[in-house]
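Accompanying notes for the structure given below.
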Amino acid sequence: MRVCFVLLQFRRLIGTRRFTTSTNRLASSQESARLDFRAIDAKWQRRWADQSPARKQPKTSRNSYILPMFAYPSGSLHMGHLRVYTISDVIARYRRMRGDQVLHPTGWDAFGLPAENAAIERGIDPAVWTEENIAKMKHQLKSMNTSFDWDAEISTCSPSFYKHTQSIFLKLFSRGLAYQAEALVNYDPVDKTVLANEQVDNNGLSWRSGALVQQIKLRQWFFRITAFKEALLRDLDYLSEGNKWPDRVISQQRNWLGRSTGARIQFSLKDEAGMATPVHVFTTRPDTLFGVKYIALSMSHPLVQQLAAKNPELLRFLDRRASFTSDTKEGFELPLLAVNPLSQTLGLKEESLPVFTAPYVLEDYGEGAVMGVPAHDSRDLGFWKLHRPSDPVTMVIAPEKRDMEAIHVLPNHLPEAYTNHGVLTSACGPYAGMDSGDARLKIVEDLQKHGLGGPFETWRLRDWLVSRQRYWGTPIPIIHCSTCGAVPVPEKDLPVVLPQLDSSIKGRMGNPLDKAEDWVTCNCPKCQGPARRETDTMDTFVDSSWYFTRFPDSQNETELFSQDSAASMLPVDTYVGGVEHAILHLLYARFIYKFLCTEGLVPGEQGQQEPFQRLVAQGMVHGKTFSDPDTGRFLLPGELDVNGENMVIRLTGKSPNVTFEKMSKSKHNGVDPSVAIEKFGADALRAHILFAAPVSEVLQWDEEKIVGIQRWFGRVNRLVADLVEQGLQGRVDLSSLDVDKLTDNDASVLLLTQDTSKNISHTFSNDIYGLNTAISDLIKLTNGVHNVGIKNLTKRVAHQAVSALLKMMAPITPAFAEECWEALTENGKIESIFNSPWTGDIISPEQESALKARQRCIVCAVQVNGKLRFTAKVPSAKSRETAGSDRAARDAEILEAVLSTEDGRIWLTQKNDWEKRKRVVVVGDGKVLNVVF
């Protein structure tokens, strides 16, 4: 079968919009014809590029702001990009067809370590490296048949953008929400630079120099995000209403904010000389206080630092801090002993408890001290098993009162800690037998009377450290003056532009800005005396925390954005991105947006100051991975051979282990989207990505299944070719359609088209996570029309069904839909399918009701002794209650329907004796009923 593209070229050559009879026969008979998807993509990408994008118009009730998370310009898109941009593009194209004014922009998260590392390794300017990558990736994005508003494009490394990032910093600074303080950081003593956690290996060594990373305190810049903690937590309730955000993302945000209510309890820590120091512990389980076996301090706790100054072994332990993982059980016992405060409140004999410093204790949780209760905390049990395996633990909480007897057991004999609530055991003195909830309140009350504790609330959330000792980032707009202190750069002097480095930074160590003396040296804006610029740059999360507010007014040189643009487009209606960004990026964006609301820069009612009204968090894309069953080593494609339908290892002949895992270079399972587009066509990839898995789930990439999508395209193309063959170009109107005169084929196809349109509209509007079902619905409609056949349908019905199918496919397969749509245009007029309205209702509610009623019944010709006597309406096969039952039950239902009619009673019970019937024969599933008397 000739493809639509080829047929159109043929028609232009012969100067007519009609196909010849021979061409028609060829188009409808060659079932296995191959579509040239690359040619179709190229044609429509050129045509779209020549069209001016629709300009944004004033605020209406149907404005839509659809935004995918912007990409880091690494030089090449990955399959995760292809998935997120396909999803956002489908939503944006549908909204445009629905009549909305749509903003669908993208840009580049262009600052960051990869560009600077490339400059250090290769001796090139990070700006040049970044711009080259942007050009490559922009071309790739366009090859995906996306519909971005490129007029709104931004890049965070452009001074025109980071001028406003610096302006936001100054606004925070003026409100006391940006400040400097000492913070513990990973420090590379060779490169003399601060490292992110990801740049320290499992042995605590620097990723680049190989030096043992130190933990030191440096003055760093922070944003006081904790000032907004109540609003950040409260408004999660708003986001959870109506599934605005996925439940798992809401849960992760709550956990990161981490509000905990419990008690602050004072323990006394004594050194070898008997000197006591009070230490405060926060706990949510004061009912387990009788089971405390040790106290653990953070590695940066002041007491630990004091002891380390005199203890070289402890100092060496602390120097290993960067190598410890979050689940490590290691610790170092300190020359201190702790006293349980219950000894003082109850007048009991003091029991000395060992004190450790441990990596699992966070310096900013409570006051950097925790109490260890091995019998009732899984982490504490693991720690105790390593450090005190022969010291028994005591069960102080029992599930029920009948188990109140205290149990003492060696830690290695305790399979797991009992972490639920229950009843206090006999080990708890006067509190024994109390419900753990009641005991919690009573114990805290008694401690409070003695000044040893009280109710307390703590948060996991800590202020946001935004300093980075790197070159390729937004300069912090602060000038340090020995007289005036930290002075903000005046707004009129923004942006503070990164200096052009005098020479290559290849192989340089430390922060290049520290050595840019001409740039660093300046005058104080207040006293005009000598001063120095801040050489820290901002965390790239700062750029991405507000970039979405810039798109509606990206060319504004004087403001972040105008009030009109903010009011018309903000907040973002639908935000699409990977679930891996569920915490930090989204939390920081929520914080900055709430801050901008308090500044009066963006609208937002109380409780609804949220930047992203709807979040679509798609799952990751996993690739097929082959590994050696003997060694577990990941195999390169060149190490594998195909043996029949199976894959084998070339050297051993063994079958490899096949799994789907996160795409990475080390696993040799990555897929280059550009190669895949070249091979299959962009639209086939788009449809496959949506069809292969629900949006929220992991997508297991298997390109062998794309052939199914291509076959679907082939069937759609055949339907279009059959319509063109019969001269059915142009538009049709079904408003005056007389449903009573339609054939059964017409009725079934119209109802199927109507149902599909409703399903697709619902999915695109309300159930983005079900986009895979949209593909299924469209394939079912295609197959339904194809099975009936265009020639077996009324012309108006055939054209309407295929036209609706193409419109519904258009957001998903834009170039292919445009190509087919062009074939259906009339008199050579080429009109984009995206300029036509969305399908909506194919037929009116009255027509739909009439067709459904008709489908529920068929006309049965009733014969008596072989002679036709009357006709009666009986239930159709689809509508019968006995559908799928045995034949006798189905026949009985038909007979009952006939007997219930007036003619049935006259001919079968009055004119003939029903009891004397010989047999009843049902023919054609109810089309004929013959009663023999």
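Residues: numbered from 1 along the sequence shown. Just so we're clear, the structure is a prediction, and the values are computed from it rather than from any experiment.
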Check: Trp221 ring centre within less than 6.0 Å of Phe169 ring centre: yes
Centroid separation Phe551 to Phe561 less than 6.0 Å: no
Donor on one side chain, acceptor on other, Asn556 and Glu559, under 3.5 Å: yes
Polar contact flag, side-chain donor to acceptor under 3.5 angstrom, Asn133-Trp108: no
Under 3.5 Å side-chain donor-acceptor pair for Arg264 and Thr458: no
Atom pair OG1/CG of Thr549 and Asp553 - distance to nearest 0.5 Å: 10.0 Å
Pair Gln180-Gln220, side-chain contact (heavy atoms from CB on, under 4.5 Å): steps then yes or no: CA-CA 5 Å; Gln180 262 190 311; Gln220 303 280 278; over 6 Å; no
Check: Arg248 main-chain N/O paired with Ser251 side-chain donor or acceptor under 3.5 Å: no
Flag, side chain of Thr130 to backbone of Pro126, donor-acceptor distance under 3.5 Å: yes
Presence of salt bridge, Glu610 and Arg590, under 4.0 angstrom: yes
Sub-4.5 Å side-chain heavy-atom contact between Phe70 and Pro105: no
N/O donor-acceptor pair under 3.5 Å between Gln252 side chain and Ala582 backbone: no
Between Arg532 and His480: side-chain donor-acceptor atoms closer than 3.5 Å: no
Minimum heavy-atom distance Arg550-Ser160, with the two atoms named: NH2-O, 3.9 Å
Distance in Å, Lys594 NZ paired with Leu232 CG, rounded so as to fall on 0.5 Å steps: 6.0 Å
Whether Thr146 side chain and Phe148 backbone form a donor-acceptor pair below 3.5 Å: no
Quiz item: cation-pi between Arg460 and Trp256, 6.0 Å / 45°: yes
Check: His301/Thr357 side-chain N/O donor and acceptor closer than 3.5 Å: no
Polar side-chain atom of Thr537 near backbone of Arg470 as donor-acceptor pair, under 3.5 Å: yes
Val487 versus Cys484, closest heavy-atom pair with distance: CG2-CB, 3.7 Å
Greater than 12 external heavy atoms within 6.0 Å of Asp237's CG: yes
Close side-chain approach of Pro525 to Val489, heavy-atom, < 4.5 Å: no
Rounded distance [0.5 Å steps], CD1 in Ile479 versus SG in Cys522: 4.0 Å
Under 3.5 Å side-chain donor-acceptor pair for Thr474 and Asp543: yes
Shortest non-hydrogen separation from Leu615 to Pro246 and the atoms involved: O-CD, 3.5 Å
side-chain contact (heavy atoms from CB on, under 4.5 Å) between Leu103 and Ile66, worked out: CA-CA 6 Å; Leu103 174 63; Ile66 313 300; over 6 Å; no
Distance, nearest 0.5 Å, that separates CH2 of Trp519 from CZ of Arg533: 6.0 Å
Heavy-atom side-chain contact between Trp459 and Thr226 under 4.5 Å: no
Pair Gln613, Tyr238: side-chain N/O donor-acceptor within cut-off below 3.5 Å: yes
Lys171 and Ser167 side chains, donor-acceptor separation under 3.5 Å: yes
Ring centers of Phe111, Tyr162 separated by less than 6.0 Å: yes
No-hydrogen, no-angle side-chain donor-acceptor test under 3.5 Å, Thr261 and Glu457: no
Nearest atoms (heavy-atom pairs only) where Val361 meets Ala369: CG1-N, 4.2 Å
Side-chain touch Arg224/Arg175, heavy atoms, less than 4.5 angstrom: no
Side chain to side chain, Pro488 and Pro477, heavy atoms closer than 4.5 Å: no
Carboxylate-amine/guanidinium proximity below 4.0 Å for Glu557 and Lys163: no
Main-chain N/O of Gly578 paired with Gln618 side-chain donor or acceptor, under 3.5 Å: yes
Distance-only side-chain donor-acceptor flag, Asp109 / Tyr547, under 3.5 Å: no
Glu367 side chain reached by Phe282 side chain, heavy atoms, under 4.5 Å: no
Thr156 vs Thr540, side-chain contact (heavy atoms from CB on, under 4.5 Å): CA-CA, chis, key distance, verdict: CA-CA 9 Å; Thr156 60; Thr540 56; over 6 Å; no
Gap separating the CD1 atom of Ile583 from the CZ atom of Arg254, nearest 0.5 angstrom: 14.0 Å
Side chain to side chain, Val84 and Val616, heavy atoms closer than 4.5 Å: no
Atom of Glu363, atom of Ser300 and distance for their closest heavy-atom approach: CB-OG, 3.1 Å
Any side-chain heavy-atom pair of Lys136 and Ser76 under 4.5 Å: no
Check: Trp546 ring centroid to Phe595 ring centroid under 6.0 Å: no
Audit row: Asp536, Gln469, side-chain contact (heavy atoms from CB on, under 4.5 Å) steps and yes/no: CA-CA 5 Å; Asp536 282 1; Gln469 290 71 39; 3.1 Å; yes
Mutual orientation of the aromatic rings belonging to His81 and Tyr85 [parallel < 30°, tilted 30-60°, perpendicular > 60°]: parallel
Under 3.5 Å: donor-acceptor pair, side chain of Asn511, backbone of Thr535: yes
Minimum heavy-atom distance between Cys524 and Ala531, given as atom pair plus value: N-CB, 3.7 Å
Centroid separation Phe548 to Phe612 less than 6.0 Å: yes
Donor-acceptor under 3.5 Å (Gln305 side chain, Met299 main chain): yes
Side-chain donor/acceptor of Thr521 to backbone N/O of Asp518, under 3.5 Å: no
Lys217 bridged to Glu182 by N-O distance under 4.0 Å: no
Phe223 side, atom CZ; Tyr588 side, atom OH - distance, nearest 0.5 Å: 10.5 Å
